[in-house]
Amino acid sequence: MNKVEVTKCNDLMSRVLAGSSIDEAGEVFGKNDCIALPSPYNAQECYYAQETIDFIKYCRESDDDFSIDTLADGDIESRTLHSFDIFMPILWITSELLLPVAINLVSDFIHDKMKGREHEDANVELSFIVERNNERKMLHYKGPADAFREEFEKVNLNEL
């Protein structure tokens, strides 16, 4: 069973972007390869996932050529869940050509988080958003940490 779901996401994006001005969003999107977005929590609130800051730091240390930021002007509000599960932010990839790079960075981040705890069960929840032919699509993964890379290898990124 494939654990990566591909759906259209224009409604979700409208809701997430409602909390920031279009000018801010345009400026952030124009100079980054990837934007970490908050996830809707309820009808009025969006929060960044607990791994957002750690993942951004990891990307900046791991790959100088891959730029990542958030839409937040300052401190971000994150929602922390108390378990070993890995809750990642929604990642908007600004060019579909960078999706494989982002998938590899996430996979390596998960691998690093699991060091020393390889025998523990941990799940990952993450969404990538890509735009192709003026249509936004979300690739959502929710499943075992140790199966992340394998599940994304099953997805034909050319058929999005």
Side-chain angles (χ1 to χ4, degrees), residues 1-13 15-17 28-29 32-41 45-72 76-133 135-160:
M1 181 174 130
N2 196 338
K3 292 176 180 63
V4 178
E5 295 178 36
V6 179
T7 59
K8 292 180 183 179
C9 65
N10 289 329
D11 292 342
L12 170 71
M13 290 308 301
R15 184 167 168 212
V16 169
L17 292 174
V28 172
F29 287 115
N32 289 286
D33 298 322
C34 179
I35 312 299
L37 301 173
S39 301
Y41 175 64
E45 299 171 305
C46 292
Y47 292 101
Y48 283 91
Q50 69 186 26
E51 299 296 342
T52 302
I53 297 299
D54 288 343
F55 181 68
I56 289 172
K57 287 178 184 177
Y58 179 84
C59 288
R60 289 177 178 164
E61 292 170 1
S62 299
D63 191 339
D64 291 337
D65 295 327
F66 188 80
S67 58
I68 182 169
D69 205 348
T70 68
L71 284 182
I76 65 170
E77 280 191 64
S78 64
R79 183 166 160 78
T80 304
L81 302 173
H82 301 285
S83 72
F84 182 50
D85 290 344
I86 301 170
F87 295 98
M88 300 288 294
I90 298 171
L91 298 172
W92 183 331
I93 309 304
T94 59
S95 168
E96 67 180 276
L97 298 175
L98 293 170
L99 183 58
V101 174
I103 291 169
N104 284 331
L105 280 167
V106 169
S107 182
D108 292 345
F109 176 78
I110 292 167
H111 183 267
D112 279 6
K113 292 289 283 185
M114 296 294 296
K115 283 183 182 173
R117 298 179 87 170
E118 293 88 355
H119 300 293
E120 293 182 45
D121 290 333
N123 289 305
V124 172
E125 186 163 359
L126 155 95
S127 296
F128 291 106
I129 294 175
V130 294
E131 192 166 326
R132 176 183 269 177
N133 302 326
E135 183 175 70
R136 292 182 190 129
K137 292 200 177 173
M138 179 184 291
L139 288 81
H140 181 77
Y141 177 80
K142 185 175 184 176
D146 60 358
F148 178 84
R149 186 181 298 269
E150 178 184 320
E151 290 298 323
F152 269 94
E153 287 173 353
K154 295 177 186 177
V155 176
N156 185 345
L157 300 177
N158 294 320
E159 293 181 2
L160 288 181

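Side-chain atoms are counted along with the backbone in the values below, which use heavy atoms only and exclude waters and symmetry mates. Starting from 1, each residue takes its place in the sequence as its number. Nothing here was measured: the structure is a model prediction, and the numbers come from that model.
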* To do: Apply side chain to side chain donor-acceptor pair (under 3.5 Å) to D112 and list each qualifying residue two or more places apart in sequence or on a separate chain.
  => K115

* **Point-to-point distance, once rounded to the nearest 0.5 Å, from CG of N104 to CG of L98** => 11.5 Å

* To do: Go through the structure and list residues passing ring pair (Phe, Tyr, Trp, His ring centres under 6.0 Å) with Y58, not counting sequence neighbours.
  => F109

* Distance in Å, C34 SG paired with I129 CD1, rounded so as to fall on 0.5 Å steps -> 10.0 Å

* Who passes side chain to side chain contact (heavy atoms under 4.5 Å, CB included) against N156, sequence neighbours left out? -> N158, E159

* **Trace of the side-chain contact (heavy atoms from CB on, under 4.5 Å) decision for V106 with F55** => CA-CA 8 Å; V106 169; F55 181 68; 3.6 Å; yes

* Can you tell me how far CG of L99 sits from CG of L91, rounded to the nearest 0.5 angstrom? -> 10.0 Å

* salt bridge (Lys or Arg N to Asp or Glu O under 4.0 Å) contacts touching residues 92-103 (sequence neighbours left out) -> E96-R132

* Verify side-chain contact (heavy atoms from CB on, under 4.5 Å) between R136 and W92, making sure each step is shown before the conclusion. => CA-CA 10 Å; R136 292 182 190 129; W92 183 331; 3.3 Å; yes

* To do: Measure the shortest side-chain to side-chain distance between V155 and L139 over non-hydrogen atoms and say whether it is less than 4.5 angstrom.
  => yes

* To do: Please round to the nearest 0.5 Å and tell me the distance separating atom CD1 of I110 and atom CG of L126.
  => 7.0 Å

* Output, in order, the C-alpha distance, side-chain angles, deciding distance and verdict of side-chain contact (heavy atoms from CB on, under 4.5 Å) for T70 and I56. => CA-CA 9 Å; T70 68; I56 289 172; 3.4 Å; yes

* **Closest non-hydrogen atom pair between S62 and L105, with its separation** => CB-CD2, 4.1 Å

* Could you list the residues that satisfy side chain to side chain donor-acceptor pair (under 3.5 Å) with K113, not counting sequence neighbours? => E51

* Shortest non-hydrogen separation from A122 to M114 and the atoms involved -> CB-SD, 3.8 Å

* Between I68 and D33, is a side-chain contact (heavy atoms from CB on, under 4.5 Å) present by the stated rule, with each step listed? -> CA-CA 6 Å; I68 182 169; D33 298 322; over 6 Å; no

* Measure the CD1-CG distance between I86 and N123 for me, rounded to the nearest 0.5 Å. => 9.0 Å

* Taking only residues two or more places apart in sequence, or in another chain, which ones meet E120 in a salt bridge (Lys or Arg N to Asp or Glu O under 4.0 Å)? -> R117

* Minimum heavy-atom distance between A102 and I93, given as atom pair plus value -> CB-CD1, 3.5 Å

* **ring pair (Phe, Tyr, Trp, His ring centres under 6.0 Å) against F152, all qualifying residues, sequence neighbours excluded** => F128, F148

* Compare every heavy atom of A49 with every heavy atom of P89, then report the nearest pair and how far apart it is. => N-CB, 3.6 Å

* To do: Might you point out which heavy atoms bring Q50 and D85 nearest each other, and give the distance in Å?
  => NE2-O, 3.3 Å

* side chain to side chain donor-acceptor pair (under 3.5 Å) against D108, all qualifying residues, sequence neighbours excluded -> R149

* Residues two or more places apart in sequence or in another chain: which of them pass side chain to side chain donor-acceptor pair (under 3.5 Å) with H140? -> E125, S127

* To do: Could you grab the distance from atom CG of D146 to atom CD of E151, nearest 0.5 Å is fine?
  => 10.0 Å

* Who passes side chain to side chain contact (heavy atoms under 4.5 Å, CB included) against P100, sequence neighbours left out? -> L157

* Asked: Who are the side chain to side chain contact (heavy atoms under 4.5 Å, CB included) partners of T7, not counting sequence neighbours?
  -> M138

